[in-house]
**Q** 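My structure is below; once you've seen it, I'll send some questions.
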Amino acid sequence: LFSHSGCQIAISPNTEYFAVDWLGVEVTGATLGIIGMGSIGYKVAQRAKAFEMKLLYHNRNRRKREEEQAVGAHYCEKMDDLLQQSDFVVLVVNLSPETRKLIGKRELGLMKPTATLINISRGAVIDQDALVEALQKKVIRAAALDVTYPEPLPRDHPLLKLDNIIITPHIGTATVQAIHMMAEEAITNMLAVLNGQPIPSEVVPK
């Protein structure tokens, strides 16, 4: 959010000088709350550890002790505790009936007024009407969304008119290398099925 605004100031034809009191928020030492500690959530934790962040996580199942210790993550059995303590909250859950509108008005109200909400899962995990209200009223400081509902948002959607949000077009995995790896993994799975072998990346219905 900060670098996006800074880029606009740096390239604007109207910029005559840089303000000396234009300050961002430090991530080192800040508390990151990860909601959904599956394989992707754990990758987020590994990267956050490199920034020396304090890590909290909430998940249906607690991770093994050695996995927690490897990234310095502390388990929150109750999501409310994570929301109340985190400076940054990142959503990394699958969309299901249980996670639809997981973050609504009540949950946003539990967050710090200085907190930032980050969604890299699915748009419908957040009640977007509640998020609009929370951002307008400064219930939370900011939001960063790689996903919305629908995608793209209608061009007159109120989220697009706020200055304390950044929205990207669902590009979390949009790199040349990632797309190649995804294609190779899909081919490996198809060949396994055709050859009657175990499927490496089988999705087992719960």
Side-chain angles (χ1 to χ4, degrees), residues 1-2 4 25 27 30-45 47-48 53-63 73-174 203-206:
L1 186 65
F2 191 66
H4 174 74
V25 177
V27 295
T31 299
L32 174 66
I34 302 172
I35 299 178
M37 189 68 113
S39 58
I40 298 174
Y42 197 75
K43 291 287 186 183
V44 171
R47 286 153 176 76
M53 301 184 80
K54 299 171 185 174
L55 293 177
L56 305 176
Y57 79 97
H58 172 75
N59 202 46
R60 285 178 301 181
N61 302 305
R62 184 169 182 172
R63 282 271 184 170
H74 300 277
Y75 179 64
C76 291
E77 184 176 356
K78 296 180 180 178
M79 188 175 72
D80 286 5
D81 293 337
L82 179 149
L83 293 171
Q84 290 172 328
Q85 298 177 58
S86 299
D87 299 302
F88 299 87
V89 174
V90 60
L91 302 171
V92 204
V93 297
N94 293 323
L95 180 60
S96 68
E98 291 75 28
T99 62
R100 186 175 294 274
K101 293 190 177 182
L102 179 69
I103 303 298
K105 183 173 183 177
R106 188 188 78 85
E107 290 74 25
L108 289 162
L110 290 173
M111 293 174 63
K112 296 179 181 180
T114 54
T116 296
L117 178 65
I118 303 163
N119 190 7
I120 59 171
S121 56
R122 289 293 182 268
V125 170
I126 296 177
D127 180 339
Q128 290 184 158
D129 292 337
L131 179 60
V132 168
E133 182 180 3
L135 292 171
Q136 288 174 336
K137 296 182 177 180
K138 309 297 190 211
V139 174
I140 63 173
R141 185 181 72 90
L145 312 178
D146 188 42
V147 288
T148 58
Y149 183 80
E151 292 177 351
L153 288 172
R155 298 297 85 185
D156 61 348
H157 195 283
L159 277 178
L160 303 180
K161 298 175 174 61
L162 299 170
D163 61 4
N164 53 346
I165 188 170
I166 186 169
I167 302 174
T168 50
H170 205 148
I171 55 172
T173 58
V203 178
V204 181
K206 292 186 171 59

**Q** Taking salt bridge (charged side-chain N to carboxylate O under 4.0 Å, His left out) as the definition, give me every residue that meets it alongside K105, ordered by chain and number, with sequence neighbours left out.
**A**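 Per chain and number, K105 pairs via salt bridge (charged side-chain N to carboxylate O under 4.0 Å, His left out) with E133.
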
**Q** With sequence neighbours left out, write down each residue that passes side-chain hydrogen bond (donor to acceptor under 3.5 Å, both in side chains) with K112, or none if nothing qualifies.
**A**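 Once residues adjacent in sequence are excluded, the partners of K112 under the side-chain hydrogen bond (donor to acceptor under 3.5 Å, both in side chains) criterion are D87.
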
**Q** Let me know which of N119, T173, T168 forms a side-chain hydrogen bond (donor to acceptor under 3.5 Å, both in side chains) with D146.
**A**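 Output: one option passes, namely T168.
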
**Q** For residues 73-85, which residue pairs qualify under side chain to side chain donor-acceptor pair (under 3.5 Å), counting only residues two or more places apart or in two chains?
**A**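 Listed by first then second residue: D80-R106.
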
**Q** Quick one: CG on L153 to CD on E151, what's the gap to the nearest 0.5 Å?
**A**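 Answer rounded to 0.5 Å: 8.0 Å.
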
**Q** When rounded to the nearest 0.5 angstrom, what distance separates CG in L159 from CD1 in I165?
**A**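 Here the rounded value is 4.5 Å.
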
**Q** Does the side chain of I126 come within less than 4.5 Å of V147's, by heavy atoms?
**A**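 Contact flag for V147/I126 side chains = no.
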
**Q** So, applying side-chain contact (heavy atoms from CB on, under 4.5 Å) with I35, which one of V92, N59, L102, V90 is it?
**A**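 That would be L102.
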
**Q** Looking at every heavy atom in both L56 and S86, which two are closest together, and how far apart are they?
**A**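 Minimum heavy-atom separation between L56 and S86: CD1-OG, 4.0 Å.
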
**Q** Just wondering, are more than 12 heavy atoms of other shown residues or ligands nearer than 6.0 Å to CZ in R100?
**A**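 No, because the 6.0 Å sphere around CZ of R100 holds 12 heavy atoms or fewer from other groups.
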
**Q** Cation-pi check for Y42 against R63: NZ or CZ below 6.0 Å from the six-membered ring centre and within 45 degrees of the axis, yes or no?
**A**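 Geometry flag: set, cation within 6.0 Å and 45°.
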
**Q** Kindly indicate, with the supporting measurements, whether the criterion side-chain contact (heavy atoms from CB on, under 4.5 Å) is fulfilled by H157 and T148.
**A** CA-CA 11 Å; H157 195 283; T148 58; over 6 Å; no

**Q** Minimum heavy-atom separation for M37 to A73, with atom names?
**A**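 Nearest heavy atoms, M37 then A73: CE-CB, 4.1 Å.
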
**Q** Atom NE2 in H170, atom CD1 in I120: separation rounded to 0.5 Å?
**A**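 It comes to 9.5 Å.
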
**Q** State, to 0.1 Å, how close K161 and D156 come at their nearest heavy-atom pair, and which atoms those are.
**A**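 What the structure gives for the nearest pair is NZ-O, 2.9 Å.
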
**Q** Any donor and acceptor pair, going by atom type alone, linking the side chain of T99 with main-chain N or O of V125 inside 3.5 Å?
**A**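 Here the side-chain-to-backbone pair does not exist.
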
**Q** Between V27 and M53, does the side-chain contact (heavy atoms from CB on, under 4.5 Å) criterion hold? Intermediate values first, please.
**A** CA-CA 7 Å; V27 295; M53 301 184 80; 4.2 Å; yes

**Q** Kindly give the heavy-atom pair with the smallest separation between A45 and L55, and that separation in Å.
**A**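 Closest heavy-atom pair between A45 and L55: O-CD1, 3.5 Å.
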
**Q** Calculate, to the nearest 0.5 Å, the distance between atoms CG and CD belonging to L131 and Q136 respectively.
**A**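 Separation between the atoms: 9.5 Å.
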
**Q** Where is the tightest heavy-atom contact between A30 and F88, given as atom of each residue plus distance?
**A**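 That closest heavy-atom pairing would be CB-CE1, 3.9 Å.
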
**Q** Quick one: are I140 and T116 in side-chain contact, heavy atoms under 4.5 Å?
**A**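 Result no, sub-4.5 Å side-chain heavy-atom pair not found.
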
**Q** Decide side-chain contact (heavy atoms from CB on, under 4.5 Å) for V93 and E98; before the verdict, give the C-alpha distance in whole Å, the side-chain angles of both, and the deciding distance to 0.1 Å.
**A** CA-CA 10 Å; V93 297; E98 291 75 28; over 6 Å; no

**Q** Which heavy atom in L160 sits nearest to a heavy atom in P154, and how many Å separate them?
**A**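 Between these two residues, the closest heavy atoms are CD1-O, 3.4 Å.
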
**Q** With a 6.0 Å cut-off (strictly less than), is the heavy-atom count around CD1 of I40, excluding the residue itself, greater than 12?
**A**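 Open: at most 12 neighbouring heavy atoms sit under 6.0 Å from CD1 of I40.
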
**Q** Does any part of the side chain of D127, heavy atoms only, come nearer than 4.5 Å to the side chain of E107, both counted from C-beta?
**A**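 The answer is no, as the side chains (C-beta and beyond) never meet within the 4.5 Å cut-off.
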
